[in-house]
Amino acid sequence: MNSVRVNVATASSVAVVAALVSPAVAGGFQIPETGTRRTAMAAVVGRPDDPSAVFHNPAGLTLLDGVHVYVHAGVAKISTEFNLAPWDLRDDGTYGSDEFLGQTAGPDGYYDPVKPSLAVGVIPMIVGTAQLTRKLYGAASFYVGNATGAAFDDDDATQYHLIQGYVVAPQANLSLAYKINDKVAVAGSIGVVHLRVKGRRYFYPVYNGLDLRTLGLGDKPLLRLEGTAWAPAWNLGVLVRPMPKLTIGAAAIGKVETAYKGAISLESSDDPDMSMYGSQETTQYLPLTLQAGANYDVTPNLEVGLEGRYWYYTPYKQQKTDIDGFIIPELVTEKNYKNSKQIAGGLRVHDLRAAPGWEFMLGAHFDKTPAPAETLTLDQPSFDHPGVHSGVRYTRGSSRFGLTYTRYWYLVPDVDDSITFPPTNFTGSGVSNIISLSYEGSFDVAPLVGR
């Protein structure tokens, strides 16, 4: 157990720790923009014809005879701007944000716009597949479902909400797919996911009207939190071809309920001897995901696809942090998430006489956030967003290359009923630009068993 180096009245210490009800970092929510067909066409579950099938629908491995090596790398550059509203923590208007931030709101009722100095995500994937027998296919994969980070300047209006944070969630899987007959294939994957989070922000030093500056914590006590966790992961998939031109796929990705453990501290900006140090264990919920899609060959050169994804977030009502080393034994953050959904579709043009070896893809999606506006925080933002997808694939010999571009437009709500501490009432806007490259090498190898 880490020591507590603060000697103040118990009631005051309770007030300090109880105010840490908003975690310093975001949760590890997976990003589906993995694989060329998904990032270029948007519709992949119904016909997952590249090795990223291990993520979207592992039954698609039965479309990959021989041996395949696949590398996909994507980077997301996020551009956002927030206008944070002032807040008061007393009915008479005292202990408001103005005196701590040294700023005043403009005529529109908001502080000056704030842009993150860093907001980026990376989406890498490595997969190897092999046809084991005439009907059995296998794969080993490593990918990162979420690797995102954000940072604001220390003197921004967001300094008591978030200064810096990141989440990384790499995952390793083994997959098997079985072709029951020419029309039906089933598959499953098992693996492990590693969650790593870290973040920091200033802690607003007023709680229930108590001015904690008088206790030696200063105007800007620095809250730090970090943690790691391991958890099992699984997914199941099915792929059906009821007629030569139509494929239908469905998949389920298992929920993950785990807890990341690590250090937590509240460092005084006035007197280091008044700082608190401890350890924490925070529950984390990653939802059960259901997804299904269908792809149809309209002509020998044109394929269209449609799919839907559904994330079962309803159980995510609260995020709980157990603390060892502080006065308060636990903290609870209200989430009250709703179930989330996404619909996507696109088209693929291929086998053109004028462009041999080339495939051209275009798609779009709309994603509904699970987060209600009143529980939104800048360290865990989640917004409705439409997106467009585009890209090309080029096959030459045994190699296939992909280049894709995806763009999100975040529909940021005007939040005026925040229940977070301090309140996160804000408006804003944002976009995300995702560029990805892929390489797939295929080898015409006979089944490894029963040749």
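Starting from 1, each residue takes its place in the sequence as its number.
Asp384 is linked by a salt bridge (Lys or Arg N to Asp or Glu O under 4.0 Å) to Lys368, counting only residues two or more places apart in sequence or in another chain. With sequence neighbours excluded, the residues forming a side chain to side chain donor-acceptor pair (under 3.5 Å) with Asn339 are Tyr310, Thr314, listed by chain and number. For the side-chain contact (heavy atoms from CB on, under 4.5 Å) test, residues two or more places apart in sequence or in another chain that qualify with Val114 are Phe152, Asp156, Ala157, Thr158. With sequence neighbours excluded, the residues that form a side-chain contact (heavy atoms from CB on, under 4.5 Å) with Ser399 are Phe401, Tyr439. Judged as a ring-ring contact (aromatic ring centres under 6.0 Å, His included), and not counting sequence neighbours, His56 has no contacts.
To the nearest 0.5 Å, atom CG of residue Leu61 and atom CG of residue Leu176 are 9.0 Å apart. Remark: Asp50 CG to His68 NE2 distance equals 10.0 Å, nearest 0.5 Å. Atom CD in Gln171 sits 9.0 Å away from atom CE in Met125 (nearest 0.5 Å). With rounding to the nearest 0.5 Å, the separation of NZ in Lys341 from OG1 in Thr369 is 11.0 Å. Summarising the geometry, atom CG belonging to Leu411 is positioned 5.5 Å from atom CZ belonging to Phe366; distances are rounded to the nearest 0.5 Å. Atoms CG and CD1, on Leu239 and Ile248 in that order, are 9.5 Å from each other to the nearest 0.5 Å.
Between the side chains of Tyr204 and Gln159, no donor-acceptor pair is found at a separation under 3.5 Å. Remark: the Thr36 side chain and the Ser438 side chain contain an N/O donor-acceptor pair separated by less than 3.5 Å. Looking only at atom types and distance, the side chain of Thr104 has no donor-acceptor partner in the side chain of Asp98 under 3.5 Å away. Defined by atom type and a distance below 3.5 Å, a donor-acceptor pair is missing between the side-chain atoms of Thr377 and Thr420. For the residue pair Tyr313 / Asn336, no side-chain donor-acceptor distance below 3.5 Å is found, with atom types taken as modelled. Asp414 and Thr427 share a side-chain donor-acceptor pair at under 3.5 Å. Thr406 and Thr39 share no side-chain donor-acceptor pair at under 3.5 Å.
Remark: Arg201 does not engage Asp154 in a salt bridge, criterion side-chain N to carboxylate O under 4.0 Å. A salt bridge between Arg309 and Asp367 is absent, with no side-chain N of the basic residue lying under 4.0 Å from a carboxylate O of the acidic one. Salt-bridge check for Glu303 with Arg47: passed, with a basic side-chain N closer than 4.0 Å to an acidic carboxylate O. Salt bridge Arg200/Glu267: absent, no basic N to carboxylate O contact under 4.0 Å.
In Lys320, the NZ atom is not crowded: 12 or fewer heavy atoms of neighbouring residues, nucleotides or ligands sit closer than 6.0 Å. Leu118 CG: more than 12 foreign heavy atoms inside a 6.0 Å radius.
Between the side chain of Asp153 and the main chain of Asp155, no donor-acceptor pair closer than 3.5 Å is present. In terms of modelled atom types and a separation under 3.5 Å, the side chain of Ser275 and the main chain of Ser268 share a donor-acceptor contact. A donor-acceptor pair is defined here as one N or O able to donate and one able to accept, closer than 3.5 Å; no such pair exists between the side chain of Thr129 and the backbone of Leu64. In this structure, Ser117 contributes its side chain and Ala151 its backbone to a donor-acceptor pair below 3.5 Å. Panel note: side chain Gln291, backbone Ala250; no donor-acceptor pair is recorded below 3.5 Å. Looking at Thr404, its side chain never comes within 3.5 Å of a backbone N or O of Ala40 through a donor-acceptor pair. A distance-only check finds a donor-acceptor pair linking the side chain of His194 to the backbone of Ala229 [under 3.5 Å]. For Asn57 (side chain) and Val45 (main-chain N/O), a donor-acceptor pair under 3.5 Å exists by modelled atom type. Judged purely by atom type and a 3.5 angstrom limit, Gln280 uses its side chain to pair as donor or acceptor with the backbone of Glu226.
Ring geometry, Phe360 versus Trp358: the interplanar angle falls under 30°, so the pair is classed parallel (tilted spans 30 to 60°). Aromatic ring orientation, Trp87 versus His161: perpendicular (interplanar angle above 60°, classes split at 30° and 60°).
Ring centers of Trp409 and His385: at least 6.0 Å apart, outside the cut-off. In this structure, Tyr143 has its ring center under 6.0 Å from that of Phe55.
Side-chain contact between Val192 and Pro232 is absent, with no heavy atoms from C-beta onward closer than 4.5 Å. Side chains of Leu215 and Arg213 form no contact here, defined as non-hydrogen atoms less than 4.5 Å apart. The side-chain heavy atoms of Phe421 and Phe203, taken from C-beta on, include a pair separated by under 4.5 Å. Side-chain contact between Glu440 and His72 is absent, with no heavy-atom pair separated by less than 4.5 Å. Side chains of Ser429 and Phe82 form no contact here, defined as non-hydrogen atoms less than 4.5 Å apart.
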Exercise. Start with the C-alpha gap between Lys198 and Arg196, add the side-chain angles, then the distance that decides, and say whether side-chain contact (heavy atoms from CB on, under 4.5 Å) holds.
Key: CA-CA 7 Å; Lys198 188 173 184 178; Arg196 180 175 292 272; over 6 Å; no

Exercise. Kindly determine whether Asp49 and Arg393 satisfy salt bridge (Lys or Arg N to Asp or Glu O under 4.0 Å), including the steps that lead there.
Key: CA-CA 12 Å; Asp49 68 348; Arg393 287 194 301 197; 3.0 Å; yes

Practice problem: Apply side-chain contact (heavy atoms from CB on, under 4.5 Å) to Val256 and Tyr285, showing your working. | Solution: CA-CA 6 Å; Val256 174; Tyr285 178 81; over 6 Å; no

Quiz item: side-chain contact (heavy atoms from CB on, under 4.5 Å) between Ile434 and Tyr405: does it pass, once the steps are laid out?
Solution: CA-CA 6 Å; Ile434 304 172; Tyr405 171 69; over 6 Å; no

Exercise. Please step through side chain to side chain donor-acceptor pair (under 3.5 Å) for the pair Ser189 and Asn173, ending with a clear verdict.
Key: CA-CA 6 Å; Ser189 302; Asn173 275 2; 4.6 Å; no

Exercise. Take Lys261 and Glu281 through the test side-chain contact (heavy atoms from CB on, under 4.5 Å) and record every step on the way to the result.
Key: CA-CA 4 Å; Lys261 303 177 182 180; Glu281 179 176 328; 3.2 Å; yes

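Residue pairs that meet the salt bridge (charged side-chain N to carboxylate O under 4.0 Å, His left out) test with at least one member in residues 251-260, sequence neighbours left out, are Lys255-Glu257.
Listed here is the closest heavy atom pair of Arg37 and Met361: CA-SD, 4.4 Å. Across every non-hydrogen atom of Gly218 and Pro205, the tightest pair is O-CB, 3.7 Å. The minimum heavy-atom distance linking Val54 with Ala139 is given by the pair CG1-CB, 3.8 Å. Glu359 approaches Thr395 most closely through the heavy-atom pair OE2-OG1, 4.3 Å. When all heavy atoms of Tyr110 and Ala85 are compared, the pair lying nearest together is CD2-N, 3.7 Å. Closest heavy-atom contact between Gln284 and Leu195: CG-CD2, 3.9 Å.
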